[in-house]
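Written below as structure tokens is the structure these notes are about.
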Amino acid sequence: MACLVSRTGRHSQRYDNLGRRQVVGCIPYRYKSSSDGTRSNDFEVLVISSQKCQKMMFPKGGWELDESREEAAIRESLEEAGVLGIVECELGKWDFMSKRYGTFYEGYMFPLLVKEELDFWPEQNLRQRTWMNVEEARDVCQHWWMKEALDILVERLNSVDRQNEQKFPSFCTDLVAAKMSSL
């Protein structure tokens with residue numbers, strides 16, 4: 001069972017040694033099904049609207065002191081987008097400036113292979129969620145660093161498809177799953 005209340009406040013969030021707030025997000029994705037019901041190599045990603053306006057992005061938020069980056073990615077995906085799944089190996093780290101606050105942030109992004117889309121989630125009344133193909137998502141996403149993360153995910157998944165693997169790389173997913181099961 002998932003908690004249906006979002007964490008609030010910044011008193012337990014992480015900051016790096018330069019005072020930059022550390023945020024974690026993920027790119028939820030799923031493979032499309034072929035007409036015969038089998039999984040195709042085509043995939044789509046889930047974008048969400050901002051709380052403040054209708055600009056689109058991927059789920060992200062503050063990395064808190066009591067969680068790993070992977071756990072923060074899972075929490076943010078649940079709270080903001082209402083999806084659960086498998087967090088895969090980190091896509092990268094970006095330093096960026098908040099246009100709203102004029103402050104610097106350190107952001108980490110992960111792929112999330114969606115296994116369940118919830119009917120009810122903490123921020124369902126604050127955000128819209130939409131499945132899109134990669135090109136559409138890249139066009140509507142408001143953050144340059146999230147677009148770069150999406151490009152890395154596309155290259156990774158295309159590479160995996162070329163190698164006829166099911167997920168990339170399995171040892172990363174297995175490590176995260178082992179860590180989550182020990183909680």
Side-chain angles (χ1 to χ4, degrees), residues 2 14 22-34 38-50 55-64 67-96 105-118 121 123 127-181 183:
R14 293 177 189 254
Q22 294 177 309
V23 297
V24 177
C26 58
I27 301 175
Y29 76 96
R30 67 182 179 191
Y31 287 95
K32 295 179 182 178
S33 295
S34 299
T38 61
R39 188 199 91 158
S40 76
N41 287 337
D42 294 328
F43 63 94
E44 54 192 356
V45 296
L46 185 67
V47 294
I48 59 170
S49 63
S50 167
K55 291 183 179 179
M56 304 301 279
M57 66 183 78
F58 297 110
K60 67 119 177 85
W63 173 21
E64 300 200 357
E67 60 192 1
S68 68
R69 285 194 298 258
E70 294 85 358
E71 291 164 341
I74 291 168
R75 179 180 49 76
E76 290 297 335
S77 296
L78 170 64
E79 288 177 358
E80 295 185 355
V83 291
L84 298 169
I86 299 169
V87 172
E88 297 174 341
C89 282
E90 184 178 300
L91 295 167
K93 178 182 85 103
W94 289 264
D95 295 322
F96 62 95
Y105 287 72
E106 182 178 79
Y108 299 87
M109 290 295 285
F110 293 86
L112 178 85
L113 177 58
V114 173
K115 295 297 185 180
E116 185 177 0
E117 190 172 346
L118 304 175
W121 69 97
E123 297 183 16
R127 300 179 187 274
Q128 299 294 315
R129 63 181 179 188
T130 307
W131 287 100
M132 297 182 172
N133 67 42
V134 170
E135 294 78 22
E136 293 168 327
R138 195 169 201 304
D139 286 342
V140 301
C141 184
Q142 70 174 344
H143 299 299
W144 64 267
W145 60 282
M146 289 185 175
K147 291 180 185 190
E148 284 187 11
L150 179 59
D151 292 343
I152 294 167
L153 174 61
V154 168
E155 178 56 35
R156 185 181 289 180
L157 292 177
N158 287 338
S159 173
V160 169
D161 289 340
R162 286 191 295 269
Q163 297 171 16
N164 293 323
E165 294 177 3
Q166 292 298 313
K167 55 188 175 183
F168 176 86
S170 62
F171 68 89
C172 290
T173 302
D174 294 342
L175 287 173
V176 171
K179 183 167 186 163
M180 291 302 293
S181 67
L183 296 177

Can you tell me how far apart [atom1] ([X]) and [atom2] ([Y]) are? Round to the nearest 0.5 Å.
{"X": "Leu157", "Y": "Phe43", "atom1": "CG", "atom2": "CZ", "value": "4.5 Å"}
{"X": "Lys115", "Y": "Leu84", "atom1": "NZ", "atom2": "CG", "value": "12.0 Å"}
{"X": "Cys141", "Y": "Met57", "atom1": "SG", "atom2": "CE", "value": "7.5 Å"}
{"X": "Arg129", "Y": "Met56", "atom1": "CZ", "atom2": "CE", "value": "11.5 Å"}
{"X": "Met146", "Y": "Cys26", "atom1": "CE", "atom2": "SG", "value": "9.5 Å"}
{"X": "Ser49", "Y": "Lys55", "atom1": "OG", "atom2": "NZ", "value": "12.5 Å"}

Do [X] and [Y] have side chains that get closer than 4.5 Å, going by heavy atoms?
{"X": "Phe110", "Y": "Ile74", "answer": "no"}
{"X": "Glu106", "Y": "Val23", "answer": "no"}
{"X": "Asp151", "Y": "Arg138", "answer": "yes"}
{"X": "Pro59", "Y": "Arg127", "answer": "no"}
{"X": "Asn133", "Y": "Asp42", "answer": "no"}
{"X": "Met109", "Y": "Ile27", "answer": "yes"}
{"X": "Trp121", "Y": "Val83", "answer": "no"}
{"X": "Val47", "Y": "Phe58", "answer": "yes"}

Mutual orientation of the aromatic rings belonging to His143 and Trp145 [parallel < 30°, tilted 30-60°, perpendicular > 60°]: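 The rings of His143 and Trp145 sit tilted, inter-plane angle from 30° to 60°.
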
Gln128 atom CD, over 12 foreign heavy atoms within 6.0 Å: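 Incorrect, the count does not exceed 12.
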
Minimum heavy-atom separation for [X] and [Y], please, with both atom names.
{"X": "Arg69", "Y": "Val24", "answer": "O-CG1, 3.3 Å"}
{"X": "Glu44", "Y": "Trp131", "answer": "O-CZ3, 3.6 Å"}
{"X": "Gly85", "Y": "Leu112", "answer": "C-CD1, 3.7 Å"}
{"X": "Leu153", "Y": "Pro111", "answer": "CD1-CB, 3.6 Å"}
{"X": "Glu90", "Y": "Lys93", "answer": "OE2-N, 4.3 Å"}

Ring pair (Phe, Tyr, Trp, His ring centres under 6.0 Å) partner of Phe96, chosen from Tyr108, Trp144, Tyr105: Tyr105

Arg30 with Glu117: basic N within carboxylate O range, under 4.0 Å: yes

Among Glu70, Glu67, Glu80, side-chain hydrogen bond (donor to acceptor under 3.5 Å, both in side chains) partner for Arg75: Glu67

Arg14 (side chain) donor-acceptor with Gln22 (main chain) under 3.5 angstrom: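 No, because the side chain of Arg14 does not come within donor-acceptor range (under 3.5 Å) of the backbone of Gln22.
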
Backbone of Glu155 reached by a side-chain donor or acceptor of Ser159 within 3.5 Å: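 Checked: no pair found.
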
